[in-house]
Trainee: 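Take a look at the following structure, please.
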Amino acid sequence: MIRVPQELEAEWNALTRSTVDLIPEEEFLERLQAARKNRTPLRVKYGVDPSAPDLHLGHTVPIRKLKQFQDFGHQVIFLIGDFTARIGDPTGKSETRKRLTKEQVDSNARTYLEQIFKLLDEAKTQVVYNSTWLEKMTFSDVIELSSKYTVARMLEREDYKKRFKDEKPIYVHEFLYPLMQGYDSIALRSDVEIGGTDQKFNILVARELQREYGQSPQIILTLPILIGTDGMNKMSKSLNNYIGITEPPQEIFGKAMSIPDRLMADYLELTLGYAPDEVAGLMRSVEQGKLHPRDLKARLARELVATYHSATAAKAAEEEFNRVFRERDIPTDIQETTLRCEDAKLWIVKLLVQAGFAKSNREARKLITAGAVCLNTEKITDQDYEVSTGQHVLKVGKRRFLRVTVT
RNA sequence: GGAGGGGUUCCCGAGUGGCUAAAGGGAACAGACUGUAAAUCUGUCGCCGGACGGCUUCGGAGGUUCGAAUCCUCCCCCCUCCA
């Protein structure tokens, strides 16, 4: 354990909280001390790939950390990896990511920034694009850069090591990615780089490269990867297990309520910034039966809505949620539509299709057979059912409602 | 350049002439139970039709056959090893 001077304790505790790696710890402390003494804020780098413009809670984990740095007066540098995005990051998944055009990248970046400033202080954030320096590099610059790192060291990365061992291909340009990211750190002269644990290797490479280029190597600070609502995989848009920060209150609340219980502790800590001992205390209450897990999760859901919308919206979302899912009542605010019918009756299958709940008659039939269709709180199991004229409330599945008037 | 292996429905993966819209698993969707949790159980799971019928799938194009994912020919793509 290292000894933290009293005057730095608050800062130290806040910045190191909920981190996975902090390398090297002593050096971080020294830099914090120097920063304070010389009144020169640390340059804290965080890079993103602007390929998907919608931010979700997973992204907010490192961003919250940046905010903490910002609050302690450090310089946050938000790096948009526009150059990287235009080439397509090969990491992980087999399918090569689509290359983005300059226009797409620009537009994504704008959306991205709009969203991060919900959490970060815009005036105190420096936004940079890595094409600024990477695009200008010549082939000799690239060779110069590649000569600073060895294949053996590249193969230390778990992902590469495994593929190498399994005789799976590793493309040469994949080796270039960590180098490019490392060069970003050199160009920015960063003191600290933040990232998810999946970025640990790349951030470490940057450290070595900085040393080679005569800079003092950056501190590495990694944060846990947030698991998505499916309880299995990293939160991501493509897996559709995400909670987007621009989603409507009702959605955020509902999705938060649907996460597995075992994720609650992580979410409290990582998405709301609860202190680890507070989380531990809450979880203990749950285990001892003093606190119902549902209530704790509702608190989580409420606070998330409050963060990205407002306390009022949170309250409303919770009331609506209880109304629909606990009391199995119909929502207060449901869409309405009017459908015409031929002879005073409308076939249920047609109704479902016309209402937009099924793309075809077959799909509609499937829903009916599955018992997913309710008309005025009554379950419809007969495929030949005919709906009479008048107003009805149609429910499909657990959460799709529609007020239909048949004329 | 040489040798070998392989491309099957969202994913993994069986299937080597008809019983195959294609096993099994996963994912997904729906139902029961519940706390929109977990676990479990059940159903659906190529597309279309007021449904006993039709249409389209097994890398692509041709061919053999009454009949092909399965056999033949050519082509495309991927992987491994040797150089």
Side-chain angles (χ1 to χ4, degrees), chain A residues 90 92-96 162-171 227-234 236 238-243 247-268 282-283 285-287 289-302 304-305 317-331 341-343 345-354 357-375 377-387 394-401:
Chain A
K93 298 286 182 276
S94 51
E95 71 268 30
T96 5
K162 190 170 183 325
R163 280 198 276 167
F164 190 66
K165 192 165 142 272
D166 294 349
E167 305 187 320
K168 294 265 166 57
I170 301 169
Y171 290 88
I227 302 295
T229 54
D230 60 358
M232 288 282 299
N233 306 103
K234 171 181 173 175
S236 85
S238 54
L239 289 171
N240 196 27
N241 63 355
Y242 69 101
I243 303 178
E247 292 193 86
Q250 204 56 62
E251 282 297 305
I252 294 182
F253 197 95
K255 286 186 177 184
M257 287 306 283
S258 76
I259 66 166
D261 285 4
R262 65 194 146 77
L263 257 46
M264 281 198 290
D266 281 355
Y267 273 59
L268 287 167
L282 288 166
M283 295 319 286
S285 303
V286 169
E287 265 170 52
K290 286 188 222 150
L291 176 61
H292 191 83
R294 189 223 309 119
D295 294 334
L296 179 57
K297 210 184 282 176
R299 174 171 165 184
L300 166 71
R302 211 163 42 226
L304 284 173
V305 177
E318 180 169 29
E319 278 166 12
E320 186 67 7
F321 179 86
N322 288 342
R323 183 185 162 80
V324 177
F325 297 107
R326 288 177 72 176
E327 288 152 37
R328 294 177 190 266
D329 203 343
I330 58 169
C341 67
E342 304 276 298
D343 36 289
K345 278 179 186 306
L346 186 58
W347 184 31
I348 185 73
V349 170
K350 284 274 180 257
L351 175 66
L352 286 167
V353 173
Q354 286 175 24
F357 286 134
K359 280 195 283 261
S360 65
N361 290 9
R362 248 184 80 90
E363 266 187 28
R365 287 170 187 282
K366 272 186 203 167
L367 288 168
I368 296 166
T369 319
V373 178
C374 285
L375 191 72
T377 70
E378 201 180 322
K379 187 176 280 191
I380 305 296
T381 47
D382 178 11
Q383 294 186 6
D384 297 323
Y385 188 88
E386 304 212 301
V387 183
L394 182 66
K395 182 187 180 196
V396 176
K398 283 194 180 64
R399 36 177 300 183
R400 290 145 84 199
F401 291 89

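This structure is a prediction, so every number in the text was calculated from the model and none was measured.
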Trainee: Is NZ or CZ of A:Lys234 both nearer than 6.0 Å to the six-membered ring centre of A:Tyr242 and within 45° of the ring axis?
Mentor: no
Trainee: Among B:A38, B:G50, B:U44, which nucleotide has an atom closest to any side-chain atom of A:Lys350?
Mentor: B:G50
Trainee: For A:Gly254, answer base if it contacts any base atom (sugar-phosphate contacts may also be present), sugar-phosphate if it contacts only those atoms, and nothing otherwise; contact means non-hydrogen atoms under 4.0 Å.
Mentor: base
Trainee: Between A:His292 and A:Arg262, just flag the one whose closest nucleotide in RNA chain B comes earlier from the 5' side.
Mentor: A:His292
Trainee: How is A:Ile259 classified with respect to the nucleic acid when contacts are heavy atoms under 4.0 Å: base, sugar-phosphate, or nothing?
Mentor: sugar-phosphate
Trainee: Atom CZ of A:Phe253 and atom CD of A:Glu319: how far apart are they, to the nearest 0.5 Å?
Mentor: 10.0 Å
Trainee: Would you say a side-chain N or O of A:Lys359 is under 4.0 Å from OP1 or OP2 of B:C48?
Mentor: no
Trainee: If you take all heavy atoms of A:Ile348 and A:Gln383, which pair is closest and at what distance?
Mentor: CG2-O, 3.6 Å
Trainee: Nearest to the A:Asp261 side chain among B:G50, B:A38, B:G35, which nucleotide is it?
Mentor: B:G35
Trainee: Could you measure between the two C1' atoms, the one in B:A61 and the one in B:U44, and give it in whole Å?
Mentor: 36 Å
Trainee: Can you tell which of B:G50, B:G35, B:A30 lies closest to the side chain of A:Ala372?
Mentor: B:A30
Trainee: Could you tell me whether A:Arg328 contacts a base, only the sugar-phosphate backbone, or nothing, with contacts defined as non-hydrogen atoms closer than 4.0 Å?
Mentor: base
Trainee: Among the nucleotides B:G35, B:C47, B:G50, which one has an atom lying closest to any side-chain atom of A:Lys366?
Mentor: B:C47
Trainee: Expressed in whole Å, how much space separates the C1' atoms belonging to B:G53 and B:A21?
Mentor: 15 Å
Trainee: Which of these nucleotides, B:A38, B:C48, B:G50, is closest to any side-chain atom of A:Ser360?
Mentor: B:C48
Trainee: Write down the distance between CE (A:Met232) and C1' (B:A38), rounded to a whole number of angstrom.
Mentor: 14 Å
Trainee: How close or far is atom P of B:A30 from atom CG of A:Leu352, stated in whole angstroms?
Mentor: 14 Å
Trainee: In whole angstroms, how far is the C1' atom of B:C45 from the CG atom of A:Leu367?
Mentor: 12 Å
Trainee: Once you apply a heavy-atom cut-off of 4.0 Å, does A:Lys297 come out as touching a base, just sugar-phosphate, or nothing?
Mentor: base
Trainee: Quick one: label A:Pro293 by what it contacts on the DNA or RNA (base, sugar-phosphate, nothing), any heavy atom closer than 4.0 Å.
Mentor: base
Trainee: Sticking with atom P, work out how far B:C29 lies from B:G67, rounded to a whole angstrom.
Mentor: 43 Å
Trainee: If you apply the rule side chain to side chain contact (heavy atoms under 4.5 Å, CB included), what do you find for A:Asp261 with A:Met264, and how did you get there?
Mentor: CA-CA 5 Å; A:Asp261 285 4; A:Met264 281 198 290; 4.2 Å; yes
Trainee: Distance between the C1' atoms of B:C75 and B:U80, in whole angstroms?
Mentor: 23 Å
Trainee: For A:Gly231 and A:Pro260, which heavy atoms make the closest approach, and how far apart are they?
Mentor: CA-CG, 3.8 Å
Trainee: Rounding to an integer number of Å, can you tell me how far A:Arg362 CZ sits from B:G53 C1'?
Mentor: 12 Å
Trainee: Of the options B:C47, B:C48, B:A32, whose atoms approach the side-chain atoms of A:Lys379 most closely?
Mentor: B:A32
Trainee: What distance, rounded to whole Å, do you find between the two C1' atoms, one in B:G13 and one in B:A27?
Mentor: 14 Å
Trainee: Measure from the side-chain heavy atoms of A:Lys398 and tell me the nearest of B:A37, B:G50, B:U34.
Mentor: B:U34
Trainee: For the side chain of A:Glu386, counting heavy atoms from C-beta on, which of B:G35, B:G31, B:G50 is nearest?
Mentor: B:G50
Trainee: Both A:Gly371 and A:Met264 contact RNA chain B. Which one's nearest nucleotide lies toward the 5' end?
Mentor: A:Gly371
Trainee: Can you tell me, in whole Å, how much space there is between the C1' of B:U57 and that of B:G15?
Mentor: 15 Å
Trainee: Could you tell me how far B:G46 sits from B:U9 if I compare only their P atoms? Round to whole Å.
Mentor: 13 Å
Trainee: How close do A:Gln250 and A:Ala317 get, counting heavy atoms only, and between which atoms?
Mentor: NE2-O, 3.4 Å
Trainee: Run the salt-bridge test on A:Glu318 and A:Arg326 with the 4.0 Å N-O cut-off and return the result as yes or no.
Mentor: no
Trainee: Please give, in whole Å, the distance from B:C48 P to A:Asn361 CG?
Mentor: 9 Å
Trainee: What is the distance, to the nearest angstrom, from the CD atom on A:Glu287 to the P atom on B:A38?
Mentor: 18 Å
Trainee: Using whole Å, what does the distance between atom P of nucleotide B:C11 and atom CG of A:Asn241 come to?
Mentor: 19 Å
Trainee: Can you tell me how far P in B:U65 sits from the matching atom in B:C55, rounded to whole Å?
Mentor: 23 Å
Trainee: Any base atoms under 4.0 Å from A:Arg365, or only sugar-phosphate, or nothing? Heavy atoms, all strands.
Mentor: base
